[in-house]
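Quick notes on the structure that follows.
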2 protein chains.
Amino acid sequence: MPKSKRLLALMMTVNRKRKFTVKELAQEFEVSSRTILRDLQELSELGVPLYSEVGPHGGYQVLNERILPPIAFTEEEAIAIFFACHALRHYACLPFKTEASSALSKFYNYMSGDVRDRIDQMKNRVDFITPSRHSESPHLSILLDGAIDQKVILIEYESREGIASREIQPIGIYASNGLWYCPAYCFLRGDIRVFRCDRMHSAVHASDSSSKPIDLRHVHLGNREALNKAEEEEAILHVELSKEGVQKCEAELWAGSKLHFNNDGTGWLEGNIGKSDIPFFAKFVLGLGNEATVKSPPQLVDAMKEMMAKIMAKYNFE
Amino acid sequence: MPKSKRLLALMMTVNRKRKFTVKELAQEFEVSSRTILRDLQELSELGVPLYSEVGPHGGYQVLNERILPPIAFTEEEAIAIFFACHALRHYACLPFKTEASSALSKFYNYMSGDVRDRIDQMKNRVDFITPSRHSESPHLSILLDGAIDQKVILIEYESREGIASREIQPIGIYASNGLWYCPAYCFLRGDIRVFRCDRMHSAVHASDSSSKPIDLRHVHLGNREALNKAEEEEAILHVELSKEGVQKCEAELWAGSKLHFNNDGTGWLEGNIGKSDIPFFAKFVLGLGNEATVKSPPQLVDAMKEMMAKIMAKYNFE
DNA sequence: TATAATGGTGACAGGAGTTGTCATAAATAT
DNA sequence: ATATTTATGACAACTCCTGTCACCATTATA
């Protein structure tokens, strides 16, 4: 193999096996150790962060960083990647240790001149907005670890009733509307619940004397909904929606599976809801104003009336 | 210069000048044309999409794609980039011609094994969710072009009053909550307005006999708000919020500048609003239920009462 | 139609750069 | 001590890279 090709191949190999010896590579590439040594020095000069230790159990290592081999991106692709990463700046917290901005600036700097110009032109003209949040979610990494490695996490969680300790086994984390959520198996309830990450005052690996992890490897963000136990008494939700009502509902995550469309843009919500969720839906439907008409359950209409009565009362007497 | 280094340098040069002749490069690199020809063939084999035309004014060209030189990313950075791009899959429409998925799969495939494993582990455990929308926004590219090149765009826009033609000069586009918006100077109103891109039934460059572009180069997504003319009669909004109310308001884009916090997590909304926006705020505050108390303006309270009366009526007589 | 500009290919000799071998050194784990 | 491993220099052998030349094909332009 000619040297120019060997160097590129070496670059990939070296990234694959992060630790290796000169001899090993020499055999793999069918050249002498001396040659590999010379090659590694060249890679080093090209920017591959190599580190070596002499002695038994010594050898070469690639530090921290990985070299991405030359990749062909179309201009559009490069720009799409840029703005996707750019969008992450709206998040106060991310589950990755690094800031996305460091990756972004590397990417930007390596881009050829005209793509960079194009990006500069677009920078203030395109954005993916996420509401920026007041509250922080510092425990994302540990929750994600727990989800990947099937570990039990002990959290202090602030719910409406106050702060309490809970043992949970995370299924994953997701950001929606600028807030981080963590669906997890709750050992207290014996079921899957969604927790808001910014309401966790602390989160640690629950190692000693605590609940044993259960097998949730097959449960992930994509399929967790199907697994919710239906313990609670349910009611059938049926709400007719105007066109504007449909558009507002599309913004709601929970509505995804319940929302149906007519051809003219109007639609309706239909599905089972827990009776304990009725206050939530009452507020929501009230916010839709005249764009929604509740057909069922009657309890929901009652809840709305009650809520309106309270509001009325507030403004009449204040 | 040894060949291995020349190839890398050539890769960059070729990306910089997208069109070039063999002779040109031969002089630049101080080698013969024959060598350059051989080198270019090798680059081609390495994946650089080169295209050549013979004859006068012919020469080499790099097609569409650019080669990113080898970049060193830390594992965390690579992962952050991956998930940022991954998040774009929630969007039905993007202003980039390419799908983000093609860039993503390239990126993924070139990644070294263990980073890929790590990503696979995280794939179903981390997500940035954006509500997926029913409506399409096919005119994003043309709007973005208009914003960058200061062009007037003729759109057919569906507002509450029906469909009408309008001439606008876009300032930029942004996605929020899965919907695309386009702040633009509206020649009809003589002011900056925000349009929803999915309500544009068509969008074309307005070339003939139409309004001339005005100079909006200094106006962009970051500063457009300061430039809104305050023509309309305004009212002072003041709404007190419970803790839960604050959290709901944080999700609203418009609330950013109006939302204030108390130390205990409660807060209030304060700021000027146009009187024509009162119906909007009425619905919004109603959706907050008991979590909000309107202090001002009185017209807002009236609007809420009226709305509640309508809703009440609906359920009493149906 | 001729001409010049451009890419494309094959052959070949000379030589630049690459390679393997050997010697030697230094560090370190067992 | 000994084995393992990186590190460096020198030098001959030799690979493969390079330039030159010859020739062809295509195409814009005079």
Side-chain angles (χ1 to χ4, degrees), chain A residues 1-67 69-70 72, chain B residues 1-67 69-70 72:
Chain A
M1 192 178 344
K3 187 183 177 188
S4 50
K5 298 197 174 166
R6 195 183 56 233
L7 278 181
L8 282 176
L10 204 60
M11 206 182 256
M12 323 263 271
T13 307
V14 145
N15 278 316
R16 206 182 57 240
K17 34 173 83 173
R18 313 211 40 183
K19 203 167 187 305
F20 53 88
T21 66
V22 174
K23 208 195 226 175
E24 199 180 323
L25 291 184
Q27 281 164 5
E28 195 169 323
F29 283 89
E30 297 179 308
V31 292
S32 71
S33 297
R34 186 68 182 90
T35 302
I36 292 292
L37 270 169
R38 283 192 273 241
D39 286 350
L40 286 176
Q41 191 168 2
E42 273 197 58
L43 282 194
S44 215
E45 282 161 19
L46 284 176
V48 185
L50 293 172
Y51 168 79
S52 64
E53 268 180 2
V54 296
H57 308 296
Y60 267 87
Q61 266 178 275
V62 193
L63 296 181
N64 195 17
E65 315 211 320
R66 310 316 194 65
I67 294 292
Chain B
M1 191 183 338
K3 188 184 176 186
S4 50
K5 297 196 174 166
R6 196 183 54 233
L7 278 181
L8 281 177
L10 205 59
M11 206 181 259
M12 323 265 270
T13 307
V14 145
N15 278 318
R16 207 182 56 240
K17 35 171 84 172
R18 313 213 37 184
K19 202 167 187 309
F20 52 88
T21 66
V22 174
K23 209 193 220 175
E24 198 181 325
L25 292 185
Q27 281 164 5
E28 196 170 323
F29 283 90
E30 298 178 311
V31 292
S32 72
S33 298
R34 187 68 181 88
T35 302
I36 291 293
L37 271 169
R38 283 192 273 243
D39 286 352
L40 287 177
Q41 192 168 2
E42 273 198 59
L43 283 195
S44 216
E45 281 161 21
L46 284 175
V48 185
L50 292 174
Y51 167 78
S52 63
E53 267 181 4
V54 297
H57 307 297
Y60 266 89
Q61 264 177 278
V62 192
L63 294 182
N64 198 13
E65 315 211 319
R66 311 315 196 65
I67 294 293

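Residue numbers start from 1 in every chain, and the chains themselves are labelled A, B, ... in the order their sequence lines are given, proteins ahead of strands.
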Of the options [options], whose atoms approach the side-chain atoms of [X] most closely?
X: Pro56(A); options: dA28(D), dA11(C), dA3(D); value: dA3(D)
X: Tyr60(A); options: dA10(D), dT6(D), dG8(C); value: dT6(D)
X: Asp39(A); options: dT19(C), dT9(C), dT6(D); value: dT19(C)
X: His57(B); options: dT18(D), dT29(D), dG8(C); value: dT29(D)
X: Pro2(A); options: dG7(C), dC17(D), dT8(D); value: dC17(D)
X: Arg34(B); options: dT19(C), dA11(C), dT30(C); value: dA11(C)
X: Thr21(A); options: dG7(C), dC17(D), dT6(D); value: dT6(D)

Check: Do Ser33(B) and Ile36(B) have side-chain heavy atoms sitting under 4.5 Å apart?
Finding: no
Between atom [atom1] in [X] and atom [atom2] in [N], what is the gap in whole Å?
X: Leu25(A); N: dA7(D); atom1: CG; atom2: P; result: 13 Å
X: Tyr51(A); N: dT6(D); atom1: OH; atom2: C1'; result: 12 Å
X: Ile36(A); N: dT5(D); atom1: CD1; atom2: P; result: 15 Å
X: Leu40(B); N: dG8(C); atom1: CG; atom2: C1'; result: 12 Å
X: Leu7(A); N: dC17(D); atom1: CG; atom2: P; result: 12 Å
X: Glu53(A); N: dA3(D); atom1: CD; atom2: P; result: 22 Å
X: Arg6(B); N: dC17(D); atom1: CZ; atom2: P; result: 9 Å
X: Arg38(B); N: dA16(C); atom1: CZ; atom2: C1'; result: 14 Å

Checklist line | Residue met sooner reading DNA chain D from 5', once Gly59(A) and Lys3(A) are mapped to nucleotides | finding: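 It is Gly59(A) whose nearest nucleotide is closer to the 5' end.
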Checklist line | 5′-ward residue of the pair Gly55(A)/Gln41(A) relative to DNA chain D | finding: Gly55(A)
Note to self: Looking at Ser52(B), I'd like to know whether one of its side-chain N or O atoms comes within less than 4.0 Å of OP1 or OP2 on dG8(C).
What the structure shows: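 For Ser52(B), the contact criterion (side-chain N or O under 4.0 Å from OP1 or OP2 of dG8(C)) is met.
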Please indicate whether [X] has more than 12 foreign heavy atoms, meaning atoms of other residues, nucleotides or ligands, lying under 6.0 Å from its [atom1].
X: Glu28(A); atom1: CD; answer: yes
X: Glu45(B); atom1: CD; answer: yes
X: Lys23(B); atom1: NZ; answer: no

Next item on the list: Tell me which of Val22(B) and Ser32(A) sits closer to the 5' end of DNA chain C, going by the nucleotide each one is nearest to.
Entry: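 Checking each residue's closest nucleotide, the 5'-ward one belongs to Val22(B).
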Item checked: Passing option when Asp39(A) is tested against Val14(A), Leu10(A), Leu25(A) for side-chain contact (heavy atoms from CB on, under 4.5 Å) -> Leu10(A)
